[in-house]
> 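Dumping the structure here so I can ask a few things about it.
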There are 2 protein chains.
Amino acid sequence: MKTEKISELTTNRLSVYLRCLSELESAGIETVSSQTLAEQFNLNSAQIRKDLAYFGEFGVRGVGYYVKELRRHLQQILGLNVERRIAIVGVGNLGLALAKYQGFNRDAFRLVALFDDEPSKIGTRAANGLEILSTERLPEVIERETIEIILIAVPAFAAQQVLDRVTEAGIKAVLNFAPIVLNPKPGVKVKNVDLSVSLESLSYFLVHPSEEAVTANHLDLFRIASVENGQAI
Amino acid sequence: MKTEKISELTTNRLSVYLRCLSELESAGIETVSSQTLAEQFNLNSAQIRKDLAYFGEFGVRGVGYYVKELRRHLQQILGLNVERRIAIVGVGNLGLALAKYQGFNRDAFRLVALFDDEPSKIGTRAANGLEILSTERLPEVIERETIEIILIAVPAFAAQQVLDRVTEAGIKAVLNFAPIVLNPKPGVKVKNVDLSVSLESLSYFLVHPSEEAVTANHLDLFRIASVENGQAI
DNA sequence: AATTGTGAATTCCTTCACAGCC
DNA sequence: GGCTGTGAAGGAATTCACAATT
């Protein structure tokens with residue numbers, strides 16, 4: 001186990017590996033090689049071994065990795081062995097969809113609060129039964145509910161102010177859906193999910209198709225682990 | 001203008017620059033330097049000049065870039081001078097939210113069709129008036145409506161099949177929200193938006209806060225250009 | 001025989017630093 | 001003087017390739 005800094009590219013991939021391991025475990029598969037994993041993701045097998053080797057020697061030469069054991073390690077590395085309490089700020093279409101979203105690990109992440117500015121929304125309840133609270137109450141509720149991660153789903157013009165407020169309240173991790181580049185205080189991690197950037201970048205590739213090939217594509221973002229129940233997500 | 005391959009990191013940044021230029025133009029600002037732009041995004045100014053120089057010499061030494069002109073160039077480079085017709089497959093919470101989403105450039109991207117498998121949904125209309133069509137009709141409608149970009153918002157287990165079908169119908173650009181790594185055919189560009197990966201990666205940073213600093217964070221994804229109307233997105 | 005863990009090589013991306021131009 | 005465009009340098013991420021291990 002080394003003490004180098006781990007890149008975000010690596011942590012993103014660890015999450016992808018974990019999802020795959022969960023599937024393998026469900027399927028009753030006991031061991032897996034870096035080569036087999038690599039084929040699933042169009043990655044190089046050495047990449048996977050390197051990613052894992054940052055955190056320890058989890059493999060067995062000549063055998064591969066024990067699925068159950070590696071899965072447990074990855075959960076621990078990613079901090080998914082404890083429940084992370086999250087809240088959504090901005091209960092528009094997107095905020096509501098996120099609130100109802102089933103695609104993320106419900107054991108690891110628990111949605112405990114919804115916030116909005118709009119007086120007509122405050123006090124009403126979303127489909128999942130959570131009351132929509134005034135953003136005035138962010139500091140109080142973040143503390144009382146021990147919220148660790150905030151999802152920002154407000155319009156661009158309001159996003160920086162939300163970030164500042166939740167930072168004030170001690171939040172260190174933010175997932176920002178507003179189409180704006182935020183300026184976080186040191187020690188605060190902001191990840192961005194920007195639909196416009198994704199679409200516009202796709203548009204570029206339509207105009208310049210020559211550049212394209214089959215490449216790995218988890219440098220960017222989202223994913224699920226287990227098979228869902230047949231409903232659209 | 002060179003003929004090198006352009007990395008996706010660059011195209012993502014171009015999209016971010018474009019949004020900023022639109023704001024600057026609205027604000028009546030006529031020129032901007034790479035230094036000023038760089039400060040907006042926590043980027044190095046040489047990065048911005050390099051990104052732009054792949055496509056031409058748009059700047060004026062001693063002056064900077066003409067906002068209006070550079071904006072027009074970027075729109076053209078990103079292929080946003082023509083309307084891109086898009087469709088959503090999977091009309092669950094997320095698909096519906098995407099359909100109602102106001103955050104992306106409505107001039108450049110026009111949503112023209114919704115698809116779902118669920119018999120109870122087929123034939124009904126979403127809030128925006130679009131009828132939900134059977135996924136059986138994907139090839140026919142993609143052709144008739146000249147759809148160029150597909151947003152996949154189905155559960156993980158169904159996503160690869162959707163990708164295969166739309167690929168068959170000639171689609172070259174896909175934005176995938178299903179939490180699974182897809183396997184595209186050569187020449188087909190898939191971008192991923194994976195909520196689980198984002199959240200789990202944030203969880204990692206909660207466990208290992210030492211690693212964090214103020215860094216540029218558009219390596220990943222989404223954004224808006226102009227100020228919205230005060231509603232949550 | 002198969003597969004890991006890892007130094008070395010390579011490729012890719014970013015930043016520096018400065019000549020050239022306005 | 002200020003700012004671009006870019007070659008060169010530096011740094012980061014990926015891939016190679018092989019010794020080590022079961």
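Atoms considered below: every heavy atom in the structure, side chains included; atoms not considered: hydrogens, waters and symmetry mates.
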> In whole angstrom, what separates B/L52's CG from D/dT6's C1'?
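Distance, rounded to whole Å: 13 Å.
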
> B/E8 has an atom CD; how far is it from atom P of D/dT14, in whole Å?
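That distance rounds to 14 Å.
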
> Look at the side chain of A/R61 and the base of D/dT21, then say whether one donor and one acceptor between them are separated by less than 3.5 Å.
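A donor-acceptor contact between them is absent.
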
> I'd like to know if B/E8 and B/K189 make a salt bridge, using a cut-off of under 4.0 Å between side-chain N and carboxylate O.
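Here B/E8 pairs with B/K189 in a salt bridge, since their nearest N and O are under 4.0 Å apart.
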
> Within less than 4.0 Å of OP1 or OP2 of D/dG5, is there a side-chain N or O belonging to B/Y65?
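Looking at the OP1 and OP2 atoms of D/dG5, one of them is under 4.0 Å from a side-chain N or O of B/Y65.
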
> Taking B/E69 first and then B/R71, would you say they form a salt bridge - that is, a charged N and a carboxylate O separated by under 4.0 Å?
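No, this pair does not count.
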
> Could you check how far CD of B/Q35 sits from C1' of D/dG1, rounded to whole Å?
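Result: 15 Å.
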
> Take the protein atom CG of A/N42 and the nucleotide atom P of D/dT14, then report the distance between them rounded to whole Å.
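Value for this atom pair: 14 Å.
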
> Please pick, from C/dT15, C/dG5, C/dA19, the nucleotide with the shortest atom-to-atom distance to any side-chain atom of B/K50.
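For the B/K50 side chain, the nearest candidate turns out to be C/dT15.
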
> Can you figure out which of C/dC13, D/dT14, D/dT22 approaches the side chain of A/R13 most closely?
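Of C/dC13, D/dT14, D/dT22, D/dT14 is nearest to the side chain of A/R13.
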
> Using heavy atoms to find the nearest nucleotide of DNA chain C for A/A46 and A/G64 separately, return the residue whose nucleotide is more 5′.
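Here A/G64 is the residue nearer the 5' end.
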
> For A/G62 and A/S7, take the nucleotide of DNA chain D holding the closest heavy atom to each; which residue's nucleotide lies nearer the 5' end?
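In this pair, the answer is A/S7.
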
> Would you please classify the geometry between the A/Y204 ring and the B/F55 ring as parallel, tilted or perpendicular, with 30° and 60° separating the classes?
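Taking A/Y204 first and then B/F55, their aromatic rings stand perpendicular (interplane angle over 60°).
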
> For the residue pair B/D51 / B/Y17, report whether a side-chain donor-acceptor contact shorter than 3.5 Å exists.
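Distance-only check passes for B/Y17 and B/D51.
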
> Counting side-chain heavy atoms from CB outward, which of D/dT4, D/dT6, C/dC16 is closest to B/N44?
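Out of D/dT4, D/dT6, C/dC16, the nucleotide with an atom closest to B/N44's side chain is C/dC16.
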
> Return yes if some donor-acceptor pair links the side-chain N/O of B/R165 with the main-chain N/O of B/T135 below 3.5 Å, else return no.
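Checked: pair present.
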
> Can you tell me how far C1' of C/dA19 sits from CD of B/E57, to the nearest Å?
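So the CD-C1' distance, B/E57 to C/dA19, works out to 14 Å.
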
> Provide, to the nearest angstrom, the distance between the CZ atom belonging to A/R49 and the P atom belonging to D/dC16.
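The distance from CZ of A/R49 to P of D/dC16 comes to 11 Å, rounded to the nearest Å.
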
> Can you measure A/Q47 atom CD to C/dT6 atom P for me and round it to whole angstrom units?
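Interatomic distance, CD of A/Q47 to P of C/dT6: 15 Å.
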
